[in-house]
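First the structure, in the form of structure tokens, and then the observations on it.
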Amino acid sequence: MHSCTLLQDEANYQPDTLDLNTDAKAAAYWFPCFRELITKFAKQAASSQANDASAKQRAAQFKEAYLSQLDDYQRNIVNNSGKVVLGTSELLQLNETMLRRYGFTDPWLTQKQQENTAAKARLKQRLSEIDAIVGDDARWTELVRGVLAGNMFDWGAQAIASILEQDSNFGLHAALERIEQRPWLLDNLDAWLQRVQTQQLPHKCAVIFVDNSGVDVVLGVLPFARELLKRGTKVLLCANSEPSLNDVTSRELRQLLDDCACQCSILDSAWRSGQLLVYANGQSGPCLDMRRLPRELCEAIAANETDLLVIEGMGRALHTNLNAHFKCETLKLAVIKNRWLATYLGGDKMFAVICKYEHS
């Protein structure tokens with residue numbers, strides 16, 4: 001694994017936004033939160049292999065092993081304070097590690113397949129809606145809102161899982177109504193709009209680290225990427241190397257683009273010509289450590305003279321990388337699907353929005 005060439009200060013790069021070893025308020029919230037969350041993950045794991053007689057027992061073992069390690073982390077806070085960082089990324093990664101240990105490689109596979117199928121059927125309509133918008137600012141505003149609303153579809157967030165379980169018809173337009181109205185908690189949208197005005201030179205290459213399957217990547221990210229492609233920007237979509245919750249993997253994303261490109265001449269041309277590419281990001285969890293990228297991706301970032309980095313989702317742009325600095329323009333987009341975290345960051349609303357645009 002290699003460090004991203006876009007890191008401004010590789011030696012001092014720290015992906016985690018929180019450190020539970022030094023932040024008592026964060027620790028007091030997140031440890032009980034993960035104890036509750038892991039019960040749902042164990043249930044999902046067992047149901048994903050319902051035809052296997054050993055699934056329930058292995059799911060129980062997974063839960064027990066996770067909670068045991070969680071207890072160890074909490075007991076060692078005093079000893080580790082100031083020595084090592086314990087971020088929420090580690091607790092999320094621990095979930096994936098333990099699931100695999102007990103034979104659950106992709107518990108959300110069926111859910112992802114269903115949501116991808118439903119989202120693909122709505123892509124052409126969404127692109128038509130975008131194309132009907134008059135004015136660059138209005139169109140880009142809707143594209144950014146679409147990425148944010150798409151990011152609501154996260155089975156790893158308890159608040160969203162409850163909505164999705166109760167309302168099978170909850171879709172992008174419903175999510176657009178749920179996200180925070182501007183001004184957002186962190187709102188640099190106007191600066192982004194100024195940057196993509198037609199009179200300004202387009203970016204050479206955009207690297208987009210994507211998040212969830214279904215509505216998120218198909219109806220949120222792809223229209224955004226398409227608009228960059230229309231400007232002549234090369235786009236590298238970076239997805240997980242291994243399954244994690246309902247996050248899309250690079251293999252799944254390539255199949256999605258094969259299916260989606262035929263619905264749009266712009267996507268089709270870019271996908272065929274290599275103007276639109278997919279790379280694995282080297283991650284097996286829902287967060288993003290820029291020190292652990294595959295060599296192939298690092299080489300592509302450098303060779304294409306990447307000048308725009310887009311990081312999407314709570315795991316990649318909020319639990320990690322919110323405070324990280326990069327050598328190129330960076331756009332970090334996420335909906336905060338956790339009321340405690342929204343309050344911690346200075347907000348007072350559920351589904352508060354992070355839209356952080358930074359020059360190099």
Side-chain angles (χ1 to χ4, degrees), residues 1-4 7 13-18 30 34 37-38 40-42 44-45 48-49 58-59 61-63 65-70 73 84-113 115-116 151 153-157 207-214 216-217 221 236-256 278-298 300-301 311-321 324 334:
M1 308 303 290
H2 300 266
S3 287
C4 179
L7 282 171
Y13 169 69
Q14 172 50 250
D16 285 292
T17 302
L18 300 174
W30 284 109
F34 275 98
L37 196 59
I38 213 65
K40 290 192 173 184
F41 289 170
Q44 176 68 27
S48 73
Q49 297 182 11
R58 287 185 288 111
Q61 292 171 334
F62 149 73
K63 178 181 176 181
Y66 183 97
L67 292 176
S68 176
Q69 182 61 59
L70 198 67
Y73 281 140
V84 295
V85 172
L86 177 63
T88 47
S89 65
E90 174 62 25
L91 305 188
L92 289 163
Q93 182 63 55
L94 179 63
N95 173 61
E96 304 302 329
T97 301
M98 292 302 182
L99 281 171
R100 288 172 175 80
R101 179 175 297 177
Y102 291 96
F104 301 103
T105 56
D106 196 356
W108 278 265
L109 177 60
T110 300
Q111 190 69 43
K112 290 189 291 182
Q113 292 171 336
E115 293 184 2
N116 284 337
N151 193 239
F153 293 80
D154 181 356
W155 283 89
V207 172
I208 305 177
F209 286 90
V210 303
D211 192 358
N212 305 299
S213 299
D216 192 346
V217 69
V221 172
L236 313 183
L237 298 178
C238 306
N240 257 36
S241 297
E242 298 180 37
S244 173
L245 303 173
N246 67 314
D247 294 4
V248 67
T249 65
S250 58
R251 179 183 58 81
E252 292 165 345
L253 184 52
R254 290 187 184 96
Q255 182 60 58
L256 274 173
V278 170
Y279 284 89
N281 66 11
Q283 317 294 305
S284 60
C287 296
L288 178 61
D289 188 336
M290 288 290 198
R291 298 166 299 192
R292 298 184 56 79
L293 303 185
R295 179 191 295 274
E296 182 185 18
L297 174 54
C298 291
I301 289 172
I311 309 176
E312 181 227 358
M314 272 188 64
R316 294 162 184 82
L318 187 52
H319 287 303
T320 53
N321 295 302

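Note that this is a predicted model, so its numbers are computed, not measured.
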If you compare all heavy atoms of [X] against all heavy atoms of [Y], which two are closest, and at what distance to 0.1 Å?
{"X": "N281", "Y": "L293", "answer": "O-CD2, 3.5 Å"}
{"X": "A239", "Y": "S250", "answer": "CB-N, 3.6 Å"}
{"X": "D247", "Y": "E252", "answer": "O-OE1, 4.0 Å"}

Distance-only donor-acceptor check, side chains [X] and [Y], under 3.5 Å:
{"X": "Q49", "Y": "R58", "value": "yes"}
{"X": "S213", "Y": "E115", "value": "no"}
{"X": "S284", "Y": "Q93", "value": "yes"}

Any chance you could measure [X], atom [atom1], to [Y], atom [atom2], to the nearest 0.5 Å?
{"X": "Y73", "Y": "L86", "atom1": "OH", "atom2": "CG", "answer": "6.5 Å"}
{"X": "L256", "Y": "L237", "atom1": "CG", "atom2": "CG", "answer": "10.5 Å"}
{"X": "I311", "Y": "D211", "atom1": "CD1", "atom2": "CG", "answer": "12.0 Å"}
{"X": "K112", "Y": "T249", "atom1": "NZ", "atom2": "OG1", "answer": "5.5 Å"}
{"X": "W30", "Y": "L92", "atom1": "CH2", "atom2": "CG", "answer": "7.5 Å"}
{"X": "C4", "Y": "N321", "atom1": "SG", "atom2": "CG", "answer": "9.5 Å"}

With no hydrogens and no angle check, is any side-chain donor or acceptor of [X] less than 3.5 Å from a backbone partner on [Y]?
{"X": "R292", "Y": "S3", "answer": "no"}
{"X": "T320", "Y": "L288", "answer": "yes"}
{"X": "N116", "Y": "V248", "answer": "no"}
{"X": "S241", "Y": "A280", "answer": "no"}
{"X": "Q111", "Y": "W108", "answer": "no"}

>> Between V84 and E90, is the side chain to side chain contact (heavy atoms under 4.5 Å, CB included) condition met? List the steps.
In response: CA-CA 12 Å; V84 295; E90 174 62 25; over 6 Å; no
>> Run the side chain to side chain contact (heavy atoms under 4.5 Å, CB included) test on N95 and I38 for me, step by step, so that the C-alpha distance in whole Å, both residues' side-chain angles and the decisive distance to 0.1 Å come before the verdict.
In response: CA-CA 8 Å; N95 173 61; I38 213 65; 3.4 Å; yes
Tell me whether [X] at atom [atom1] has more than 12 heavy atoms from other residues, nucleotides or ligands lying less than 6.0 Å away.
{"X": "R254", "atom1": "CZ", "value": "yes"}
{"X": "E296", "atom1": "CD", "value": "no"}
{"X": "R251", "atom1": "CZ", "value": "no"}
{"X": "R101", "atom1": "CZ", "value": "no"}

> Given R100 and E96, is the salt bridge (charged side-chain N to carboxylate O under 4.0 Å, His left out) satisfied, shown in steps?
Replying inline: CA-CA 6 Å; R100 288 172 175 80; E96 304 302 329; 3.4 Å; yes
>> Checking D289 against Y13 for the side chain to side chain contact (heavy atoms under 4.5 Å, CB included) test, could you report, in this order, the C-alpha distance in whole Å, the side-chain angles of both residues, the deciding distance, and whether it holds?
In response: CA-CA 9 Å; D289 188 336; Y13 169 69; 3.6 Å; yes
If you define the side chain from C-beta out and look only at heavy atoms, does anything of [X] sit under 4.5 Å from [Y]?
{"X": "Q283", "Y": "N240", "result": "yes"}
{"X": "T97", "Y": "Q69", "result": "no"}
{"X": "L109", "Y": "P243", "result": "no"}

> For Y279 and L253, what are the C-alpha separation, side-chain angles and deciding distance, and is it a side chain to side chain contact (heavy atoms under 4.5 Å, CB included)?
Replying inline: CA-CA 9 Å; Y279 284 89; L253 184 52; over 6 Å; no
